[in-house]
Trainee: 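So that we are looking at the same thing, I have put the structure below in structure tokens.
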Amino acid sequence: MHRANGDRIPGRRQHLTVTPKTRLLDQLKKMAVLMELDGANPFRVNAYTKAVRALGDETVDVEQAVREGTLTRIDGIGKGIAEKVEEFVRHGLIAEMTEFSAKFPPGVVEMTEIPGFGAKKARAVFGELGVTTVEELERACRDGRVAELKGFGAKTADKIVQGIASMRKHSGRFRIDVAWETAQPILKALRGHDAVERVEVAGSLRRWRETAKDLDFVCATTKPGDVMEFFTTLESVDTVTGQGPTKSSVVLDTGMSADLRCVAPEHFPFTLQHFSGSKEHNTALRGLAKRKGMKSSEYGLFPEGSETSLPATEEADIYRHLGLAYIEPELREDMGEIEAAAKGAMPELVTAGDVRGLPHMHTEYSDGQPTLDAYAKWAAQNGIGWMGISDHSKTASYAGGLQPDRVRKQWAEIAKVNKEWKDSGVRLLRGIESDILGDGSLDYEEEMLKEFEFIVASVHSQFNLTEEEQTARMLKAVENPYTSILGHMTGRLLLKRDGYRVNQKEIVRRCAAEGVIVEINSNPARLDLDWTLVRFALDEGCCLCVSPDAHTLGMLEHMRYGIGIARKGWVTKDRLANCWSADEFLAFVRKRRP
DNA sequence: GCCGTTTTCGGCCCGACTGTTTTCAGTCG
């Protein structure tokens, strides 16, 4: 089994900085769990879950919505939850939440995170046995008390113990690169099996979400038993956690769970569509089907009263039956794609094949490993016309930032390499990733700045400024006429560190007005700009670029994740600088220089 | 608790798997 550089992502989130919004979302999530424990109306619980999702969208500025009284304009936020949000923003807590919390110890809430152990069971062990922590629950399972409870048994007790172990070992989500690299060899193995007619990875990986909880494979076969046997005995499978006639679940050696669903070939498009999600997209789609007198499930699309599904050989057929244009998997988030498909107004998303140039990469001059020549060679071999070299600037001493003499030396070498690779149509561009200094200025004197062909401006220090200070600092950098690209907007490290506090929407708007290109950083630890803001940036009129931010040649492969995020943000090739020629890119950059 | 081009009340997507039951509840996606 191929591991992603061996670097499994620790499950527990470690927040260096936790934003008020993150705290609010945590509170609302906890509220949903507490209400469920309390036996509240499940639809009421679901309303809270939906609200967390609605507010979690990066483009939603909760505090602003509270100030302007526009919370209830957000789909999924009504009067009740709006009041809770306002209460939290004003007072830092929700009174009703405090009341609920008093009824259930924190350990009971934590129990609901055990796989296969939900609120009903947690309520039972707490109410019947007085168990208040995960540790006590484990003991109660081992000494037989849990097995005696009504609705429980020996097997349930065993499963709980296993679930607790699993939660401790690797809780939570995995970065998209871990998911992708885990999935590829399994896909390849399944494709090589005689009984497999079609197989795809579905779920959040197919939609290019930045993190995934597990892998979902969907397979067309007439011999599900054979395929399932093959799947559950793959070398990379650690334990088999479930196996029925059409579905198996396993835990892989990377710690990720994976499900395989096997269906008859005629069901395949429906099943693939169903398990590609998102849940929200499918819920909306089923609602639409219902209004059109059809029932939609993973087995077909059934006209009312009919046992026979409408035919489909591809997912596009399903959407067509519903009166919709085909919706690419990346867009299936119930964020307007269904409405656009109904109007036939789907964007033609950028593809990897449209890419002609790569901005933002580091060489041996600063903290990168490749030579300039190695990049040029790679470009020639991969049909890339231009590469924007951008090592760290002088203030970034921790990363070998370039002093002016080193900059000049690199310029000379770039000229030499360009001459050597001219016939291959490859051109390296003289750039720099300039630190944005504390006061918002760039890192060299103007005489030097104007000699760079392009400049990526990024924040690498002073993460703890207030939102106002950080925003002002970045706005100043955006307004600098030598800034071409604004690098990783928030500095977030997925599953590790929240981004610095900054008003992203305001900065995006200024980039649009100033003609500064907004970066989508392809590093799978970053994927920053967030995809929800990518779409916002497009709507505001921005141009974007997907940056490899490579420090090795291998990291150029990260472009696949950045392109995935661009597609997820509805980006078309005319708005992505990577799809322009070097001359077009440089002309765009020069427009705003004095 | 949310929501409304059949609605301001009465719905709220649908099915697989497991372990407990002997027809179903809980959990998950």
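Naming: A, B, ... by sequence-line order, numbering from 1 per chain.
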Trainee: With the side chain of A/Lys159 defined as its heavy atoms from C-beta on, choose the nearest nucleotide among B/dA16, B/dG19, B/dC3.
Mentor: B/dG19

Trainee: Quick one: classify the glycosidic conformation of B/dT5 as syn or anti, with syn meaning within 90° of 0.
Mentor: anti

Trainee: Taking NZ, NE, NH1 and NH2 as the nitrogens, is one of them in A/Arg67 or A/Glu63 under 4.0 Å from a carboxylate oxygen of the other?
Mentor: no

Trainee: Checking contacts here: which listed nucleotide (B/dC3, B/dC17, B/dG1) is nearest the side-chain heavy atoms of A/Asp75?
Mentor: B/dC3

Trainee: Rounded to whole Å, how long is the line connecting atom CD1 of A/Ile74 with atom P of B/dG1?
Mentor: 18 Å

Trainee: Check the phosphate of B/dC14 against A/Thr283, side-chain N and O only, distance under 4.0 Å to OP1 or OP2. Yes or no?
Mentor: no

Trainee: Are A/Glu330 and A/Lys568 close enough for a salt bridge, meaning some N to O gap below 4.0 Å?
Mentor: no

Trainee: Identify the two heavy atoms, one from A/Ala258 and one from A/Phe217, that lie closest to each other, and give their separation to 0.1 Å.
Mentor: CB-CE1, 4.2 Å

Trainee: For A/Pro347 and A/Trp570, which heavy atoms make the closest approach, and how far apart are they?
Mentor: CG-CE3, 3.5 Å

Trainee: Could you tell me how far apart A/His267 (NE2) and B/dA16 (C1') are, to the nearest whole angstrom?
Mentor: 15 Å

Trainee: Can a salt bridge be assigned to the pair A/Arg139 and A/Glu135 using a cut-off of 4.0 Å between side-chain N and carboxylate O?
Mentor: no

Trainee: Salt bridge or not between A/Arg90 and A/Glu87? Use side-chain N to carboxylate O under 4.0 Å.
Mentor: no

Trainee: With a 4.0 Å cut-off on heavy atoms, is A/Ala154 in touch with a base, just the backbone sugar-phosphate, or nothing at all?
Mentor: sugar-phosphate

Trainee: Specify the separation, in whole Å, of atom CD of A/Glu280 and atom P of B/dC12.
Mentor: 18 Å

Trainee: Using the P atom as the reference point in each nucleotide, state the distance between B/dT21 and B/dT27 in Å, no decimals.
Mentor: 15 Å

Trainee: How many whole angstroms separate atom CG of A/Asp158 from atom C1' of B/dT20?
Mentor: 14 Å

Trainee: Check the distance between B/dG1's P and A/Lys79's NZ and give it to me in whole angstrom.
Mentor: 10 Å

Trainee: Can you tell me how far P in B/dT20 sits from the matching atom in B/dG15, rounded to whole Å?
Mentor: 26 Å

Trainee: Say we look at B/dG10 and B/dC17: how far apart would their C1' atoms be, to the nearest angstrom?
Mentor: 31 Å

Trainee: A/Phe152 has an atom CZ; how far is it from atom C1' of B/dG19, in whole Å?
Mentor: 11 Å

Trainee: Can you list, pair by pair, the side-chain donor-acceptor contacts under 3.5 Å of residues 274-281 of chain A, counting residues two or more places apart and other chains?
Mentor:
| unit_1 | atom_1 | unit_2 | atom_2 | d |
| --- | --- | --- | --- | --- |
| A/His274 | ND1 | A/Arg286 | NH2 | 3.1 |
| A/Ser276 | OG | A/Arg206 | NH1 | 2.7 |
| A/Ser276 | OG | A/Leu272 | O | 2.7 |
| A/Ser278 | OG | A/Glu280 | N | 3.4 |
| A/Ser278 | OG | A/Glu280 | OE1 | 3.4 |
| A/Ser278 | OG | A/His281 | N | 3.1 |
| A/Ser278 | OG | A/Arg332 | O | 3.1 |
| A/His281 | ND1 | A/Glu337 | OE2 | 2.7 |
| A/His281 | NE2 | A/Tyr319 | OH | 2.9 |

Trainee: Could you check whether A/Lys155 pairs with A/Asp158 (Lys NZ or Arg NE/NH1/NH2 to Asp/Glu carboxylate O, under 4.0 Å)?
Mentor: no

Trainee: Measuring from the side chain of A/Lys295 (C-beta onward, heavy atoms only), which nucleotide among B/dT20, B/dC14, B/dG1 has the closest atom?
Mentor: B/dC14

Trainee: Scan nucleotides 5-11 of chain B nucleotide by nucleotide, 5' to 3', and note B when protein non-hydrogen atoms come under 4.0 Å of the base, S if they reach only the sugar-phosphate, - if neither.
Mentor: -------

Trainee: It should be established whether A/Tyr299 places a side-chain nitrogen or oxygen under 4.0 Å from OP1 or OP2 of nucleotide B/dA16.
Mentor: yes

Trainee: Nearest to the A/Thr156 side chain among B/dG19, B/dA16, B/dG1, which nucleotide is it?
Mentor: B/dG19

Trainee: Find the distance A/Lys150:NZ to B/dT20:P and express it as a whole number of Å.
Mentor: 13 Å

Trainee: Using a strict threshold of under 4.0 Å (side-chain N to carboxylate O), is an ion pair present between A/Arg191 and A/Glu200?
Mentor: yes

Trainee: Distance between the P atoms of B/dC9 and B/dC14, in whole angstroms?
Mentor: 25 Å

Trainee: A/Arg123 side chain to A/Leu37 main-chain N or O, any donor-acceptor pair under 3.5 Å?
Mentor: yes

Trainee: Answer yes or no: does a side-chain N or O of A/Ser249 lie under 4.0 Å from OP1 or OP2 of B/dC17?
Mentor: no

Trainee: List every contact pair, protein side and nucleotides 25-29 of chain B side both N or O, where the distance is under 3.5 Å.
Mentor:
| unit_1 | atom_1 | unit_2 | atom_2 | d |
| --- | --- | --- | --- | --- |
| B/dT27 | OP1 | A/Gly118 | N | 2.7 |
| B/dT27 | OP1 | A/Gly118 | O | 3.1 |
| B/dT27 | OP1 | A/Lys121 | N | 3.1 |
| B/dT27 | OP2 | A/Lys120 | N | 3.4 |
| B/dC28 | OP1 | A/Gly116 | N | 2.8 |
| B/dG29 | OP1 | A/Lys213 | NZ | 2.5 |
| B/dG29 | OP2 | A/Lys213 | NZ | 3.3 |

Trainee: Return the value, rounded to whole Å, for the distance between atom CD of A/Glu83 and atom P of B/dG1.
Mentor: 9 Å

Trainee: Give the nucleotide from the list B/dT20, B/dG1, B/dC14 with an atom nearest to the side chain of A/Ser297.
Mentor: B/dC14

Trainee: Look at A/Lys84 and B/dC2 and indicate whether a side-chain polar atom (N or O) is within less than 4.0 Å of OP1 or OP2.
Mentor: no

Trainee: Can you list the steps and then say if A/Thr211 with A/Arg173 is a side chain to side chain donor-acceptor pair (under 3.5 Å)?
Mentor: CA-CA 6 Å; A/Thr211 61; A/Arg173 302 181 70 86; 2.8 Å; yes

Trainee: Among B/dC14, B/dG1, B/dA16, which nucleotide sits nearest the side chain of A/Arg261?
Mentor: B/dA16

Trainee: Answer with base, sugar-phosphate or nothing: what part of the nucleic acid does A/Ile77 contact at a heavy-atom distance below 4.0 Å?
Mentor: sugar-phosphate

